[in-house]
Engineer: 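Here it is, the structure, as structure tokens.
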Amino acid sequence: MRNSKIFIQRFFSGIVIFCFAWIIVTFLVIPRMGAIYSLFRMNHSLFHVIILDFIAALIALMAIFSVRQFTRFVKNKKDLSDKTAWVLLLLEMILYSGGILIFLKYIGYYKTVDDAQVVYNWVTHYTVIDPWTHPSWLMHYLYANPQNLFLALTYKMVNLFLGNGFGGIVMTFLAIYVLSIVLLFCTMRALKLDNWISLIIIQLLLISIQVTFHAAIAYTDILAFFFTSLTVYCFARYLLTHGKLQFFWLGLISLSSFFAFLSKGTSLVLIIALSIFIFVYNQRIKKLTGFIPILVLLLGNFGWTQAINYSGVYVDTNYGQPNTHYVMMGLSNTPIPDNLSAREAANWSVGTYAAKDQDYSWNLFYNRHLSKSAITQKQIAVYKQRLLAMTPVQLCDALNNKVSVAWGSGDLKTSFSLMRGTHNQERTNKIFSEGVSGLVIYLIMTVSQLILYLGVIMALIKSWNKKEPVLLFGSIFLSGYFAFLLLWEVNPRYAIGIFPIALIMIGKSLGQQTSSNLDCIIKVTIQKM
């Protein structure tokens with residue numbers, strides 16, 4: 001049984017190593033250019049960006065090497081006390097949060113943007129969603145995208161307690177992000193990592209300002225980040241308990257992952273990964289408990305749907321465009337033209353939001369009034385047509401492009417979104433794209449993201465011959481998430497979804513407390529006596 005688990009872990013680890021190597025190659029060799037990939041990239045040459053990305057990769061490698069050397073050093077020293085570690089963490093969280101708020105005030109950030117702005121404006125000026133009587137773009141968007149209702153509920157709760165001011169939304173989402181960091185620290189402590197190692201790993205989240213600033217953008221990604229972090233914490237507790245208490249933690253895992261799904265649909269991969277892991281990890285009849293997260297998802301989604309229908313938010317119950325729309329959009333802009341210049345090729349993006357695809361789906365939904373099954377068939381037909389229209393070489397080019405879009409932006413669309421929410425967009429653009437500030441911010445974002453990717457690869461290689469449940473679960477999730485984004489419509493910010501689990505994998509590979517190893521030796525000695 002142990003050998004089969006090692007084989008399965010190696011199987012998924014090998015997939016993740018291949019996928020993340022692919023990510024790094026596209027990141028360094030064929031970076032996507034343009035505003036949504038980084039304001040800095042938009043204002044510099046392709047050659048300049050590639051050189052900087054290679055420099056960032058070298059810095060990331062040196063940082064990883066330095067951390068590994070430091071962890072070897074501290075393992076031979078006395079670890080920080082729990083009290084000291086918590087004091088340092090909480091002080092850092094206070095200073096960090098204050099620094100982020102000061103920066104947001106400095107750039108003049110004052111409103112939500114993009115989809116978040118649509119949802120927030122609807123919540124503050126509530127009306128029943130009726131695209132038939134009031135066929136505006138707003139009604140069409142809200143009717144087609146019910147997945148944003150959990151975000152809308154969050155906005156509503158914030159408004160009830162803190163008023164309708166935008167500042168309350170920013171403060172709340174920043175608090176959610178900070179709480180996520182604390183949860184991840186608790187997870188590493190539950191897994192018996194050194195306090196030193198736990199604090200070092202947390203620093204990667206603080207350095208990853210491209211993720212932090214998404215808290216200010218206040219969209220679904222940070223909600224999903226929080227519930228994924230909560231799921232990871234419950235998962236760690238699940239691994240360390242037995243008997244009835246393990247079922248308790250399994251129930252919490254299932255609930256927290258379901259709320260991650262309500263926050264963002266891509267979290268479906270998290271639920272599937274949990275079910276697969278539980279089936280592989282357990283023996284005999286306990287394998288069946290792998291169906292519990294799926295069962296909670298089905299029951300929870302049914303209850304959520306009934307609550308929406310009962311609330312009267314929508315004029316009828318036919319809301320929500322088929323998910324095949326996003327599969328169809330996943331091959332937008334294909335095949336890639338052959339006669340593009342180097343800069344044009346770098347600006348070409350496969351699988352991102354496409355206005356023509358959106359118009360096509362909405363025409364079927366709103367103008368032609370087709371059933372969802374009929375719309376699904378037409379969207380799949382378009383997908384197949386796009387797929388079959390490409391040669392194998394063209395398909396490889398499209399997939400490379402798509403991987404670069406989803407995983408290699410450098411700043412996860414952060415600078416572009418923040419700029420659009422400021423009073424003086426020209427000034428903000430300069431801060432993120434020109435001079436010392438633009439260079440430093442870009443390097444920080446790029447280095448932190450490459451540390452994450454390289455750290456995952458090194459963690460899996462290091463644990464290749466070791467049965468490690470955390471890395472097994474992480475590998476299942478990461479390989480599934482990568483495959484999902486190969487199929488789905490993609491956006492640079494979707495990469496945020498892997499941070500909580502990837503960080504724990506990296507931390508776990510750095511080692512456990514020496515005290516826990518001593519406890520094991522003592523227990524074995526007592527048993528022999």
Side-chain angles (χ1 to χ4, degrees), residues 15-38 41-42 46 49-50 53 210 221 264-266 268-269 323-338 340 342-358 360-361 379-380 382-414 416 446 449-450 452-453 456-457 477-499 502:
I15 293 175
V16 174
I17 290 170
F18 170 79
C19 293
F20 274 58
W22 186 2
I23 288 170
I24 292 170
V25 169
T26 59
F27 198 120
L28 299 179
V29 179
I30 51 171
R32 296 299 95 202
M33 305 295 283
I36 69 168
Y37 305 110
S38 168
R41 288 188 182 185
M42 183 180 69
L46 176 61
V49 169
I50 290 176
D53 286 352
Q210 67 272 34
D221 304 278
K264 194 169 188 64
T266 53
L268 175 64
V269 179
N323 285 328
T324 45
H325 163 78
Y326 302 101
V327 176
M328 177 186 72
M329 198 179 290
L331 283 184
S332 64
N333 298 322
T334 57
I336 302 171
D338 295 326
L340 299 176
R343 182 72 190 196
E344 288 172 337
N347 278 283
W348 194 274
S349 298
V350 171
T352 55
Y353 174 85
K356 288 184 178 180
D357 283 358
Q358 186 66 83
Y360 174 76
S361 293
Q379 289 167 339
I380 290 297
V382 172
Y383 179 82
K384 289 180 179 178
Q385 182 182 18
R386 290 175 175 176
L387 189 63
L388 296 175
M390 289 183 284
T391 66
V393 173
Q394 288 175 324
L395 178 60
C396 287
D397 288 341
L399 292 179
N400 280 329
N401 186 304
K402 194 169 183 179
V403 170
S404 184
V405 166
W407 301 98
S409 77
D411 78 350
L412 307 179
K413 199 188 171 187
T414 301
F416 176 69
T446 305
Q449 205 152 319
L450 287 170
L452 188 78
Y453 298 156
V456 167
I457 292 175
F477 170 76
L478 292 178
S479 57
Y481 200 82
F482 184 90
F484 182 83
L485 293 189
L486 278 183
L487 179 69
W488 208 250
E489 173 262 343
V490 291
N491 189 301
R493 59 184 169 80
Y494 291 177
I496 295 174
I498 73 166
F499 270 74

Engineer: The criterion is salt bridge (charged side-chain N to carboxylate O under 4.0 Å, His left out); which residues satisfy it with Asp357, sequence neighbours excluded?
Structural biologist: Arg386
Engineer: Restricting to salt bridge (charged side-chain N to carboxylate O under 4.0 Å, His left out), what partner residues turn up for Lys413, sequence neighbours left out?
Structural biologist: Asp114
Engineer: Mind checking what makes side-chain contact (heavy atoms from CB on, under 4.5 Å) contact with Leu399, not counting sequence neighbours?
Structural biologist: Trp22, Leu395, Leu486
Engineer: Tell me, please, which residues at least two apart from Ser479 pass side-chain hydrogen bond (donor to acceptor under 3.5 Å, both in side chains).
Structural biologist: none
Engineer: As a test of understanding, state which of Ser38, Ser409, Ser404 forms a side-chain contact (heavy atoms from CB on, under 4.5 Å) with Pro492.
Structural biologist: Ser409
Engineer: State the CG-CD1 distance between Leu387 and Ile380, to the nearest 0.5 angstrom.
Structural biologist: 10.5 Å
Engineer: Which residues pass the side-chain contact (heavy atoms from CB on, under 4.5 Å) test with Gln385, not counting sequence neighbours?
Structural biologist: none
Engineer: For residues 325-336, which side-chain donor-acceptor pairs fall under 3.5 Å, sequence neighbours excluded?
Structural biologist:
from: His325; atom 1: ND1; to: Ser361; atom 2: OG; distance (Å): 2.6
from: Tyr326; atom 1: OH; to: Asn145; atom 2: OD1; distance (Å): 2.8
from: Tyr326; atom 1: OH; to: Gln147; atom 2: NE2; distance (Å): 3.2
from: Tyr326; atom 1: OH; to: Gln321; atom 2: NE2; distance (Å): 3.2
from: Ser332; atom 1: OG; to: Met329; atom 2: O; distance (Å): 3.1
from: Ser332; atom 1: OG; to: Gly351; atom 2: N; distance (Å): 3.2
from: Ser332; atom 1: OG; to: Thr352; atom 2: O; distance (Å): 3.1
from: Asn333; atom 1: ND2; to: Ser349; atom 2: O; distance (Å): 2.8
from: Thr334; atom 1: OG1; to: Leu331; atom 2: O; distance (Å): 2.6

Engineer: Drop me the distance from Phe482's CZ to Ile23's CD1, to the nearest 0.5 angstrom.
Structural biologist: 5.0 Å
Engineer: According to the salt bridge (Lys or Arg N to Asp or Glu O under 4.0 Å) rule, which pairs have a member within residues 392-411, sequence neighbours left out?
Structural biologist: none
Engineer: Does the side chain of Leu452 come within less than 4.5 Å of Phe499's, by heavy atoms?
Structural biologist: yes
Engineer: Atom CG of Asp221 and atom OH of Tyr494: how far apart are they, to the nearest 0.5 Å?
Structural biologist: 8.0 Å
Engineer: If I compare all heavy atoms of Met390 with all of Gln394, which pair ends up nearest, and what's the gap?
Structural biologist: CA-OE1, 3.3 Å
Engineer: Enumerate, atom names and distances included, each donor-acceptor pair closer than 3.5 Å involving a side-chain atom of residues 28-35, sequence neighbours excluded.
Structural biologist:
from: Arg32; atom 1: NH1; to: Ala345; atom 2: O; distance (Å): 2.8
from: Arg32; atom 1: NH1; to: Ala346; atom 2: O; distance (Å): 3.3
from: Arg32; atom 1: NH1; to: Trp348; atom 2: O; distance (Å): 2.5
from: Arg32; atom 1: NH2; to: Ile30; atom 2: O; distance (Å): 3.4

Engineer: At their closest point, which heavy atom of Asn401 faces which heavy atom of Val350, and how far apart are they?
Structural biologist: OD1-N, 2.9 Å
Engineer: Could you measure the distance from the CG atom of Leu46 to the CD atom of Glu344? Nearest 0.5 Å is fine.
Structural biologist: 12.5 Å
Engineer: Partners of Val269 by side-chain contact (heavy atoms from CB on, under 4.5 Å), sequence neighbours excluded?
Structural biologist: Phe477, Tyr481, Phe484
Engineer: So, using ring pair (Phe, Tyr, Trp, His ring centres under 6.0 Å) as the criterion, who are the partners of Tyr360 when residues are at least two apart?
Structural biologist: none
Engineer: Mind checking what makes ring pair (Phe, Tyr, Trp, His ring centres under 6.0 Å) contact with Phe20, not counting sequence neighbours?
Structural biologist: Tyr453
Engineer: Could you tell me if Arg41 sits above the aromatic ring of Phe27, with its cationic atom closer than 6.0 Å to the ring centre and no more than 45 degrees from the axis?
Structural biologist: yes
Engineer: Mind checking what makes side-chain hydrogen bond (donor to acceptor under 3.5 Å, both in side chains) contact with Thr446, not counting sequence neighbours?
Structural biologist: none
Engineer: Would you compute the distance between atom CG of Asn347 and atom CG of Leu340 and round it to the nearest 0.5 angstrom?
Structural biologist: 10.0 Å
Engineer: Report the distance from atom CG of Asn491 to atom OH of Tyr37, rounding to the nearest 0.5 Å.
Structural biologist: 8.0 Å
